[in-house]
Amino acid sequence: MPELPEVETIAQGLREPLVGRQFTGVHVGWADLIARPAVEELKRRLVGQRILDVQRRGKYLVFALSSGASLIVHLRMTGRLLIKNSGAELDKHDHLILVLDDGRELRFNEMRKLGRVYLVDDEDEIVGDLGPEPLDDDFTAADFAALLSTRRGMIKPLLLNQRFMAGVGNIYADEALFAARIHPERRADTLTAEEIERLYHAIRQVLRQGIENRGTTLTAYRDVEGREGVNQEYLQVSRRTDEPCLRCGTPIERTVVGGRGTYFCPKCQKPALEVGG
DNA sequence: ACCACAACCTGGCCGC
DNA sequence: TGCGGCCAGGTTGTGG
């Protein structure tokens with residue numbers, strides 16, 4: 001489920017309840033949720049720790065602990081992080097419960113069991129290979145152009161590659177390419193300077209709008225209090241098969257690119273013209 | 001470098 | 001009601 005705007009919304013929502021709190025108990029309902037270390041070591045190293053900070057990096061949540069270690073969570077497709085009062089009814093998908101010192105709990109709810117939790121001394125063990133943050137002030141259009149210039153693959157799978165750029169997922173990739181009027185299968189190194197400029201601003205615009213709208217809830221996504229986002233009401237192209245393009249009226253098409261469902265307007269997002277020999 | 005595909009899991013939806 | 005098939009916001013590994 002969650003891409004950058006959803007994870008950012010969750011990170012913002014976790015700061016008030018978590019920063020300054022202490023973990024007083026750890027309950028693991030499904031051991032494979034814990035990628036590392038082993039469950040017993042995780043418990044030993046978490047209990048008694050205070051949470052100093054909650055940050056987002058790409059689609060990861062990074063909790064800085066008083067020991068200096070980092071607790072890192074990836075929600076994959078259907079993971080949720082929820083703040084509940086201790087004693088609140090357990091859901092069958094609450095697979096990890098971190099008890100806090102104020103009568104509340106942080107619960108990792110994961111229907112599909114794809115999400116993962118890591119406890120590491122150095123966060124770079126997990127997030128060190130991620131590409132740049134697209135919303136960082138020092139990530140410029142020129143930086144983006146330089147990264148694209150050496151890539152021969154299709155633009156959409158490249159946007160989804162977290163080592164290329166961190167945080168963009170399937171929905172926001174389609175939205176950005178539509179806003180920039182670029183076909184998802186265009187070769188990255190063939191984009192014109194104008195197209196790169198449009199795409200750079202489109203990526204940042206759709207991500208910022210997603211954050212303002214507290215995320216996109218299609219099915220599973222919820223914020224830390226269990227509320228849905230509203231950005232699904234603002235999607236321009238994603239999930240709109242056969243509905244009219246909001247720019248030109250042409251029916252939106254669905255195809256598969258890089259193994260992912262892909263929505264685009266066949267008129268506004270033309271494939272590259274074949275250059276005659 | 002790049003691509004296709006499978007795997008990890010569960011649940012919702014659709015057609016029969 | 002039930003069953004098979006397809007789909008799903010993500011990532012990783014394998015093989016070509």
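Basis for what follows: all heavy atoms, side chains included, without hydrogens, waters or symmetry-related copies. In the text below, chain A, chain B and the rest are named by the order of the sequence lines, each starting its count at 1. For clarity, every value in this text was computed on a predicted model and none was experimentally measured.
- Atom pair A/Leu33:CG and B/dC9:P shows a separation of 11 Å (rounding to whole Å applied).
- The residue A/Gln162 sits close only to the backbone: its heavy atoms come under 4.0 Å of sugar-phosphate atoms, none of a base.
- B/dC9: no Watson-Crick or G-U partner with both key distances under 3.5 Å is found in any strand.
- The base of C/dA8 is paired with the side chain of A/Arg112 by a donor and an acceptor separated by under 3.5 Å.
- Between A/Asp101 and A/Arg21, at least one side-chain N (NZ, or NE/NH1/NH2) sits under 4.0 Å from a carboxylate O, which counts as a salt bridge.
- Distance NE2 (A/His93) to C1' (B/dG11): 8 Å, rounded to an integer number of Å.
- Closest approach to the A/Tyr263 side chain among C/dT11, B/dT10, C/dA8 is made by C/dA8 (side chain taken as heavy atoms from C-beta onward).
- Residue A/Lys113 places none of its side-chain N or O atoms closer than 4.0 Å to OP1 or OP2 of B/dC8.
- Screening A/Val168, A/Leu177, A/Asn161 for a side chain to side chain contact (heavy atoms under 4.5 Å, CB included) involving A/Lys156 leaves a single residue, A/Leu177.
- A cation-pi arrangement is present between A/Arg247 and A/Phe178 under the rule of less than 6.0 angstrom and at most 45 degrees off the ring axis.
- As judged by a 4.0 angstrom heavy-atom cut-off over every strand, A/Arg116 is placed among residues making no nucleic acid contact.
- Among the atoms of the strands shown, base atoms are found under 4.0 Å from some heavy atom of A/Thr217.
- When distances run from any side-chain atom of A/Met77 to the nucleotides C/dG10, B/dG11, B/dC9, the shortest one goes to C/dG10.
- Separation of the P atoms belonging to B/dG11 and C/dT11 is 22 Å when rounded to the nearest angstrom.
- OP1 or OP2 of B/dT10 has not a single side-chain nitrogen or oxygen of A/Lys92 nearer than 4.0 Å.
- Looking at heavy atoms from C-beta onward, A/Ile211 lies in side-chain contact with A/Gln12 at the 4.5 angstrom threshold.
- The gap from the P atom of B/dA6 to that of C/dG5 amounts to 15 Å, rounded to the nearest Å.
- Look at CZ on A/Phe164: it is 10 Å from P on B/dC2, rounded to the nearest Å.
- A/Tyr172 and A/Glu6 form a side-chain donor-acceptor contact under 3.5 Å, judged by distance and modelled atom types alone.
- The distance between atom CZ of A/Arg76 and atom P of B/dT10, rounded to the nearest whole Å, is 15 Å.
- Atom CH2 of A/Trp30 and atom C1' of B/dC9 are 7 Å apart (whole Å).
- Contacts of A/Arg254 with the nucleic acid, taken as non-hydrogen atoms under 4.0 Å apart, involve only primed sugar atoms and P, OP1 or OP2.
- Rounded to a whole Å, the CD1 atom of A/Ile155 is 11 Å from the P atom of B/dC2.
- Residue contacts shown for A/Gly259 are absent, as no nucleic acid heavy atom lies under 4.0 Å away.
- In the model, A/Thr241 has no side-chain atom that pairs as donor or acceptor with a side-chain atom of A/Glu253 under 3.5 Å.
- Closest to the A/Arg152 side chain, of the nucleotides B/dC3, C/dG10, B/dC2, is B/dC2.
- When each of A/Leu218 and A/Tyr60 is assigned the nucleotide of DNA chain C bearing its nearest heavy atom, the one mapping closer to the 5' terminus is A/Leu218.
- Regarding A/Arg239, its CZ atom lies at a distance of 12 Å from the C1' atom of B/dC13, rounded to whole Å.
- Put simply, CG on A/Leu130 is 13 Å from C1' on C/dG10, counting in whole angstrom units.
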